Amino acid sequence: MSRTASLELKPIGPCRWQIALALALLAPSALAEDVYVGKVAGQDVVTDGLLRFAYLRIGHELSLKERGPNLYAECPSDNSRNWECEEPSGWWELRTRGERITGTWTKTRGGTGRPIALQATPHTYDDVLLGANRVAIGKTVRTGTVTWAMKKELRSGIAYPILLSGPDAAALSRINAALAKRFDDAVLDALTMEAYETDEKILYADEHVVALGGKSAEDGGGAHPTGGYSALTWNLHSGEVVDWETLMRAAPDGAVDLARDDLFLAAVLRELQRAADHDDGGCLSSAAAIMQCHDRTCADVPSLKGRTGWPMYPTGKGLAVAPDVYSETERGCRGETVVVPWREVRRGLKEPSDLLPK
């Protein structure tokens, strides 16, 4: 989801929409683009022009709705289900002077006023919001050759792993930089959406790789929430992401012959069929049905040049694969895995790899 401000045009006459768009483009740029920091009623805030803002101590995004000349209602986020703002939480009466905005905040119209003082800043809205993070580190856990802990941002409730030790310091630094970016993105999603949660954690580690994965769910105020599953593996000696599918021989697009013991995708689908036989009416049997898996063939496997893009991560027994063929109404099935034994994985490799367990 984009975090930049958007303009929603209501359906109007065939000519009037051009006038409405022109007026929107001619609006003062400071209100649409500039980021301001300062205090509102004694609380530190950041605003994205006069479109959205957050009290930094709380973090969760709110919006401003213009209700008259220099008068704005303090409202729920545009990403919430209460964006109509029938009961504003406050009122802003403002005066703009160059890079400064001053005015008065009141709880209700005509109530006792408290000062507003804002100053334009070169920092981005997201950077200011993240700069106010309140973080706590959980207990240390050891998995394979790495130690790690969960880092929790207290305003958003987002928790995400951070690696504390591993076999290569430079690689560890690169992996932690990638984890920090994912953590920041998750925090921003949680602070700017109606609801967002993730349960990503360290799934596996050995002397070669470390894997992270989990589900996420978001509600951006649309018709219904969305959800997904992701998994990533990093090389502990280079810090690079391991793309498991690039290590495998590519299967032909479309139908896959399950008798092929030299194709990793065929091995995945064989494991899926076995699991589906004991999963009548469940997620994995649904996946097999979607791909028209019968006897020795899966007739409709979504892939491009042999790549499915399905989440994969290593386990002690083999490579776990989460077939991602489900509709949004079946999003709860995303993350259901089958495990391809390492001996089958090795048969599907283009060439031997030292990333696989011995």
Side-chain angles (χ1 to χ4, degrees), residues 143-144 199-206 208-216 227-233 241-350 353 355-357:
T143 303
D199 65 358
E200 291 188 340
K201 58 185 180 292
I202 300 299
L203 300 173
Y204 176 84
D206 59 22
H208 302 298
V209 298
V210 60
L212 165 114
K215 291 187 176 184
S216 62
Y229 181 85
S230 64
L232 286 170
T233 304
V241 171
V242 177
D243 184 341
W244 290 105
E245 281 197 294
T246 63
L247 302 179
M248 310 298 174
R249 295 187 193 91
D253 292 340
V256 176
D257 180 0
L258 302 189
R260 293 281 300 272
D261 62 4
D262 62 331
L263 293 181
F264 172 70
L265 183 54
V268 173
L269 297 172
R270 287 196 297 271
E271 294 299 328
L272 176 65
Q273 272 203 324
R274 292 190 187 102
D277 290 341
H278 301 89
D279 183 48
D280 187 30
C283 291
L284 296 177
S285 63
S286 175
I290 289 168
M291 291 184 284
Q292 301 177 32
C293 294
H294 303 287
D295 299 326
R296 297 171 65 85
T297 303
C298 288
D300 189 18
V301 181
S303 63
L304 180 63
K305 296 182 178 180
R307 292 181 57 84
T308 63
W310 295 344
M312 303 178 185
Y313 63 90
T315 72
K317 295 182 178 181
L319 195 59
V321 182
D324 189 5
V325 295
Y326 304 104
S327 68
E328 196 57 42
T329 58
E330 298 177 296
R331 59 185 177 273
C333 287
R334 293 169 184 165
E336 292 292 320
T337 62
V338 295
V339 177
V340 180
W342 287 119
R343 66 179 181 278
E344 299 289 334
V345 175
R346 288 188 173 86
R347 289 174 183 162
L349 291 172
K350 295 176 185 174
S353 171
L355 295 177
L356 276 63

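These numbers were taken from a predicted model, which means no experiment stands behind them.
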Might you work through the side chain to side chain contact (heavy atoms under 4.5 Å, CB included) test for T246 and R307, ending with a clear yes or no? CA-CA 8 Å; T246 63; R307 292 181 57 84; 3.2 Å; yes
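In this structure, the side chains of V210 and Y204 stay at 4.5 Å or more apart for every pair of heavy atoms. Residues T143 and K201 are not in side-chain contact: their nearest non-hydrogen atoms beyond the backbone lie 4.5 Å or more apart. Under the 4.5 Å side-chain criterion, counting only non-hydrogen atoms from C-beta, D324 is not in contact with T308. H208 places none of its side-chain heavy atoms less than 4.5 Å from the side chain of P357. M291 places a side-chain heavy atom less than 4.5 Å from the side chain of L272. Contact of the T233 side chain with the L355 side chain is not registered, since no non-hydrogen atoms from C-beta on lie closer than 4.5 Å. When side chains are defined from C-beta on, M248 does not count as touching L265, because their heavy atoms never get closer than 4.5 Å. V340 has its side chain within reach of F264: a pair of non-hydrogen atoms, C-beta onward, lies under 4.5 Å apart.
The two residues Q273 and L258 make their nearest non-hydrogen contact at OE1-CD1, 3.2 Å. Minimum interatomic distance between R334 and Y326 (heavy atoms only, all atoms of both residues): NH2-O, 3.2 Å. Closest non-hydrogen pair, E245 versus G309, comes out as OE1-N, 2.9 Å. The minimum heavy-atom distance linking A211 with Y313 is given by the pair CB-CB, 4.0 Å. For the pair W310 and V325, the tightest heavy-atom approach, listed with the atom from each and the gap, is CZ2-CG1, 3.9 Å. The two residues S286 and E330 make their nearest non-hydrogen contact at OG-OE2, 2.9 Å.
We find the CZ-SG distance between R270 and C293 to be 12.0 Å, quoted to the nearest 0.5 Å. The CG atom of D262 sits 10.5 Å away from the CZ atom of R347 when rounded to the nearest 0.5 Å. The structure places CZ of R331 at 11.0 Å from NZ of K215, a figure rounded to the nearest 0.5 Å. Rounding to the nearest 0.5 Å gives a distance of 9.5 Å between CZ of R346 and OG of S353. Atom CG of residue D257 and atom CZ of residue R296 lie 6.5 Å apart, to the nearest 0.5 angstrom. From M312, atom CE reaches atom CG of L319 across 6.5 Å, with rounding to the nearest 0.5 Å.
Counting non-hydrogen atoms of neighbouring residues, nucleotides and ligands closer than 6.0 angstrom, the NZ atom of K317 reaches no more than 12 such neighbours.
Checking side-chain atoms of W244 against main-chain N and O of P311 turns up no donor-acceptor pair under 3.5 Å.
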